[in-house]
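Only heavy atoms go into these numbers, but all of them, side chains included; no hydrogens, no water, no symmetry mates.
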Amino acid sequence: QVQLVESGGGLVQAGGSLRLSCAASGRTFSCYSMGWFRQAPGKVREVVAVINWSAGNTYYADFVKGRFTISRDKAKKTVYLQMNSLKREDAAVYYCALKKYYSPTYYPPSFGLWGQGTQVTVSS
């Protein structure tokens, strides 16, 4: 059974940086893509960035383009989210998720496996 474990969240000042990690455990690992999502209090969960596991193609939500970078280490079965120039509105619980098979959407329900989330807090 594959599990996803996020780490790297915390408190950072506006304009600062954080790097989130998400490691997949389990003997059998089948992955089409992995993504980072976030959910702020009172808001719906939204996609932040997605990476195709095999080819490395990436997708970014408009609100993070130029500031966040998603990457993966296939040998470590780990996906990263480098977050730079953080803004107060980036504060949220960040989740990583895995999609085993292709589907033409980045909506959260299309990802079948989720981590527990890691809190990112941005102070002014």
Testing the basics here: between A49 and L81, what is the closest heavy-atom pair and its distance to 0.1 Å?
CB-CD1, 4.2 Å
side-chain hydrogen bond (donor to acceptor under 3.5 Å, both in side chains) filter on Y95, not counting sequence neighbours, yields none
Of all pairs that satisfy disulfide (SG to SG under 2.5 Å), the ones with a partner from residues 35-70, not counting sequence neighbours
none
With S103 via side-chain hydrogen bond (donor to acceptor under 3.5 Å, both in side chains) - residues at least two apart
K99
Looking only at heavy atoms, which two atoms of I51 and R72 are closest? And how far apart?
CD1-CD, 3.5 Å
Grab the two heavy atoms, one from S110 and one from Y107, that are nearest each other, plus how far apart they are.
OG-O, 2.7 Å
Taking salt bridge (charged side-chain N to carboxylate O under 4.0 Å, His left out) as the test, write out the residues that go with R67, two or more places apart.
D90
Within the side chain of K100, is there an N or O that forms a donor-acceptor pair under 3.5 Å with the backbone of L113?
no
Transitive ILVMFWY side-chain link W114 to V48, under 4.5 Å
no
Show every disulfide (SG to SG under 2.5 Å) that has at least one partner inside residues 30-124, sequence neighbours left out.
C22-C96
Heavy-atom closest contact (T118 atom, S7 atom, distance)
OG1-C, 4.4 Å
With T78 via side chain to side chain contact (heavy atoms under 4.5 Å, CB included) - residues at least two apart:
S21, A23, K76, Y80
Scan F111, W53, Y102, Y101 and name whichever one has a side-chain contact (heavy atoms from CB on, under 4.5 Å) with S33.
F111
Should V50 and V93 be counted in the same cluster of Ile, Leu, Val, Met, Phe, Trp and Tyr side chains packed under 4.5 Å apart?
yes
Return the minimal non-hydrogen interatomic distance between R45 and P108, and the atom names on each side.
O-CG, 3.8 Å
Quick one: do V47 and V120 end up in the same hydrophobic cluster if we chain Ile, Leu, Val, Met, Phe, Trp and Tyr together by side-chain heavy atoms under 4.5 Å apart?
no
Kindly compute the distance separating OH (Y106) from OH (Y60), expressed to the nearest 0.5 Å.
11.5 Å
For N52, give me all partners under side chain to side chain contact (heavy atoms under 4.5 Å, CB included), at least two apart in sequence or on another chain.
Y32, S54, A55, N57
Listed by chain and number, what are the side-chain hydrogen bond (donor to acceptor under 3.5 Å, both in side chains) partners of D73, not counting sequence neighbours?
none
Residue pairs passing the salt bridge (Lys or Arg N to Asp or Glu O under 4.0 Å) test with at least one member in residues 48-63, sequence neighbours excluded, are D62-K65
Co-membership, hydrophobic cluster, residues V64 and I70, 4.5 Å side-chain
yes
Qualifying residues under side chain to side chain contact (heavy atoms under 4.5 Å, CB included), relative to S25, sequence neighbours excluded:
Q3
Taking side-chain hydrogen bond (donor to acceptor under 3.5 Å, both in side chains) as the test, write out the residues that go with Q13, two or more places apart.
none
So does F63 have more than 12 non-hydrogen atoms from other groups sitting under 6.0 Å from CZ?
yes
E6 versus Y94: any side-chain heavy-atom pair under 4.5 Å?
no
Do you know the tightest heavy-atom contact between Q39 and K43?
NE2-O, 3.1 Å
Would you call M83 and V12 a side-chain contact if the rule is heavy atoms closer than 4.5 Å?
no
Kindly compute the distance separating CG (L20) from CZ (F68), expressed to the nearest 0.5 Å.
8.0 Å
Heavy atoms of other groups near E89 CD, more than 12 under 6.0 Å:
yes
Rounded distance (nearest 0.5 Å) linking atom CG of L98 with atom CE of M34:
5.0 Å
Applying side chain to side chain contact (heavy atoms under 4.5 Å, CB included) to A14 and not counting sequence neighbours gives V122
